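In what follows, a single structure is set out as structure tokens and then discussed.
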Amino acid sequence: MPLSRIDPARYSLLLTGKVESFCRAFVGLGLPTPQVFASPPLGYRLRAEFRMWHTGGRLDYAMFDPADPRRAVPVDDFPPAVDLIRALMPKLRERLQAEESLRRRIFQVEFLTTLKGEALVSLIYHRRLDAEWEAAAQMLAADLGVQLVGRSRGQKIVIGRDWLEEEIEVDGLYLRTRQTEGGFTQPNGEVNRAMLGWARAQVAGQGGDLLELYCGNGNFTVALAPLFGKALATELSKTSVAAARWGLEANGVGNVALARMASNEISAALARERAFRRLHEQNIDLDAYRFSTLFVDPPRAGLDAPTLALARGFDRVLYISCNPVTLLENVGTILSTHRIVAAAVFDQFPYTEHLESGLLLERREPRG
């Protein structure tokens, strides 16, 4: 995204265009008028990453022009980022510039922050990190008041910790999650708050049990599970599963079983096509659940065929999507059994073509 596109005066117009495009794509599928959740026009990104560009003895943050990917564009400030990142950027660059042990062969810098006000900085190098680097990094982390991670090929050094604790208020609840360095986190904190609130509103009072696929670090799990009798959440990433377990304990959510499984695996298990030792080892009895709602937040590729077949058996499917193209394809395959009853769009990435969306689908005829 070229920084020249960031113009708060044009933000509303650009968002309107994205919403209109989304609605046109779903013409003929019975899409209700979507709720629109805008982003703050500036200071919305909790994450940012930059190449570090060496010119002679000078060190600069850099981004690359999409129209000319080989041309590095120096960046002195990054208005999309939250104030904490913008405040850290010049302080960090000054220290890297001044200390050869920190500057030498640094390749990239990544910032991770939270609405709660914590920050983690990752420094990535094209050389092996030694004791001299670690001593300088200890002082840097203390002076900046951040958690810090140094990385090079086959090497990771953690100064402090490699995760942050987020706390976000939704419907009067204060939900805590763990944001792990290198793991997926929602980049736009205020839009994430809106997504959680909208999702909770769609399933409130529905009863039954919840099946959640692609639960990640438990961002949605801790918000949705308390609205159901029981919940089964699945995720494949070990790092995300560990973070999700931390979040369940931190929030006192005791009605969730968490299984490290892919979506097609849990689909096969529920269809009784295959037994999985992992479920037995965790004492997860699928027959004990009375699933009423399926919640999915898949990657850009959307849902695979087994998961779509699974979805057709649910009374309600709540689908959060980061790709309108695969969302359209997926929804088209289950409209013979379901209809769209609610829709929303979430502007996670202002000034880009990207648009997150959410749909609630209900069975046309409840299961007998």
Side-chain angles (χ1 to χ4, degrees), residues 45-47 49 110 112-116 118 120 122 162-168 170 173 175-200 202-203 210-228 231-251 253 255-267 278 282 284 293-304 307 310-311 317-323 326-327 330 346 348-349 354 356-359:
R45 281 197 65 95
L46 292 169
R47 301 196 319 246
E49 62 180 53
E110 299 175 359
L112 174 64
T113 60
T114 65
L115 292 174
K116 188 179 178 182
E118 292 189 336
L120 187 153
S122 299
D162 64 351
W163 56 269
L164 303 178
E165 179 183 322
E166 177 64 289
E167 184 175 86
I168 183 169
V170 180
L173 303 174
L175 305 176
R176 298 166 63 193
T177 55
R178 177 174 284 189
Q179 316 282 13
T180 304
E181 190 262 350
F184 175 78
T185 59
Q186 296 289 340
N188 190 320
E190 292 302 330
V191 173
N192 182 41
R193 189 197 308 274
M195 292 170 66
L196 294 173
W198 182 82
R200 281 175 54 85
Q202 305 318 303
V203 299
L210 171 71
L211 175 62
E212 179 185 2
L213 309 182
Y214 316 97
C215 78
N217 69 342
N219 178 63
F220 282 97
T221 316
V222 298
L224 297 180
L227 300 174
F228 293 88
L232 173 60
T234 70
E235 169 59 45
L236 197 54
S237 163
K238 287 184 179 180
T239 300
S240 295
V241 168
R245 292 193 191 283
W246 183 93
L248 294 174
E249 183 176 351
N251 290 279
V253 179
N255 67 336
V256 178
L258 185 59
R260 186 170 170 260
M261 301 180 73
S263 63
N264 62 328
E265 291 178 324
I266 194 65
S267 298
R278 279 164 285 173
Q282 294 179 242
I284 296 176
T293 302
L294 172 67
F295 174 70
V296 293
D297 180 14
R300 291 187 62 80
L303 304 178
D304 57 23
T307 308
L310 174 69
V317 178
L318 184 58
Y319 193 142
I320 297 292
S321 171
C322 61
N323 186 349
T326 53
L327 175 64
N330 289 169
F346 310 95
Q348 282 265 17
F349 299 93
H354 185 91
E356 302 264 332
S357 54
L359 297 179

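For clarity, every value in this text was computed on a predicted model and none was experimentally measured.
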Check whether any side-chain N or O of [X] sits under 3.5 Å from a backbone N or O of [Y] as a donor-acceptor pair, and report yes or no.
{"X": "R260", "Y": "L236", "value": "yes"}
{"X": "Q282", "Y": "L258", "value": "yes"}
{"X": "T180", "Y": "G183", "value": "no"}
{"X": "R278", "Y": "M261", "value": "no"}
{"X": "S240", "Y": "S237", "value": "no"}
{"X": "N217", "Y": "N219", "value": "yes"}
{"X": "Q202", "Y": "A199", "value": "no"}
{"X": "N192", "Y": "N188", "value": "no"}

Non-neighbouring partners of E110 that pass side chain to side chain donor-acceptor pair (under 3.5 Å), sequence neighbours left out: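 Scan of E110 (side chain to side chain donor-acceptor pair (under 3.5 Å), adjacent residues dropped) gives Q108.
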
Side chains of [X] and [Y]: closer than 4.5 Å at any heavy-atom pair?
{"X": "V191", "Y": "E356", "result": "no"}
{"X": "Q179", "Y": "L112", "result": "yes"}
{"X": "V253", "Y": "T221", "result": "no"}
{"X": "V256", "Y": "L210", "result": "no"}
{"X": "L232", "Y": "I266", "result": "yes"}
{"X": "L294", "Y": "L318", "result": "no"}
{"X": "Y214", "Y": "T234", "result": "no"}
{"X": "Y319", "Y": "S357", "result": "no"}

For E249, look at atom CD and say whether over 12 heavy atoms of other residues, nucleotides or ligands are found less than 6.0 Å away.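 Incorrect, the count does not exceed 12.
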
Please report the closest heavy-atom contact between [X] and [Y], naming both atoms and the distance.
{"X": "G218", "Y": "A244", "result": "N-CB, 3.9 Å"}
{"X": "C322", "Y": "P299", "result": "SG-C, 4.0 Å"}
{"X": "D304", "Y": "N264", "result": "OD2-CB, 3.5 Å"}
{"X": "N251", "Y": "G247", "result": "ND2-O, 2.7 Å"}
{"X": "M195", "Y": "Q348", "result": "SD-NE2, 3.3 Å"}
{"X": "F346", "Y": "I320", "result": "CE1-CD1, 4.2 Å"}

Report the residue from S263, P298, S267 that forms a side chain to side chain contact (heavy atoms under 4.5 Å, CB included) with L303.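 By the side chain to side chain contact (heavy atoms under 4.5 Å, CB included) criterion, L303 pairs with just one of S263, P298, S267: P298.
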
Pair K116, L164 - check side chain to side chain contact (heavy atoms under 4.5 Å, CB included), show working. CA-CA 9 Å; K116 188 179 178 182; L164 303 178; over 6 Å; no

Check the pair E212, E235 against side chain to side chain contact (heavy atoms under 4.5 Å, CB included), reporting the backbone distance first and the verdict last. CA-CA 9 Å; E212 179 185 2; E235 169 59 45; over 6 Å; no

Scan side-chain atoms only and decide if E166 and T177 contain a donor-acceptor pair under the 3.5 Å cut-off.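 Per modelled atom types, E166 and T177 side chains form no pair under 3.5 Å.
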
Set of residues satisfying salt bridge (charged side-chain N to carboxylate O under 4.0 Å, His left out) with respect to R245, sequence neighbours excluded: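 Listed in chain order: nothing, the list is empty.
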
Pairwise distance [atom1]([X]) to [atom2]([Y]) - rounded to 0.5 angstrom:
{"X": "N330", "Y": "S321", "atom1": "CG", "atom2": "OG", "result": "8.0 Å"}
{"X": "T326", "Y": "N323", "atom1": "OG1", "atom2": "CG", "result": "3.5 Å"}
{"X": "R176", "Y": "L248", "atom1": "CZ", "atom2": "CG", "result": "12.5 Å"}

Please report the C-alpha distance between T185 and R47 in whole Å, then the side-chain angles of each, then the deciding distance to 0.1 Å, and finally whether the side chain to side chain donor-acceptor pair (under 3.5 Å) criterion is met. CA-CA 9 Å; T185 59; R47 301 196 319 246; 3.1 Å; yes

Who are the ring pair (Phe, Tyr, Trp, His ring centres under 6.0 Å) partners of F220, not counting sequence neighbours?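 Listed in chain order: F295.
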
Do R178 and E165 meet the salt-bridge criterion of a basic N to acidic O distance under 4.0 Å?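 No, this pair does not count.
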
Tell me, with the steps shown, if R200 and L227 meet side chain to side chain contact (heavy atoms under 4.5 Å, CB included). CA-CA 8 Å; R200 281 175 54 85; L227 300 174; 4.0 Å; yes

Give the intermediate values and the outcome of side chain to side chain contact (heavy atoms under 4.5 Å, CB included) for residues T114 and L46. CA-CA 6 Å; T114 65; L46 292 169; 5.6 Å; no

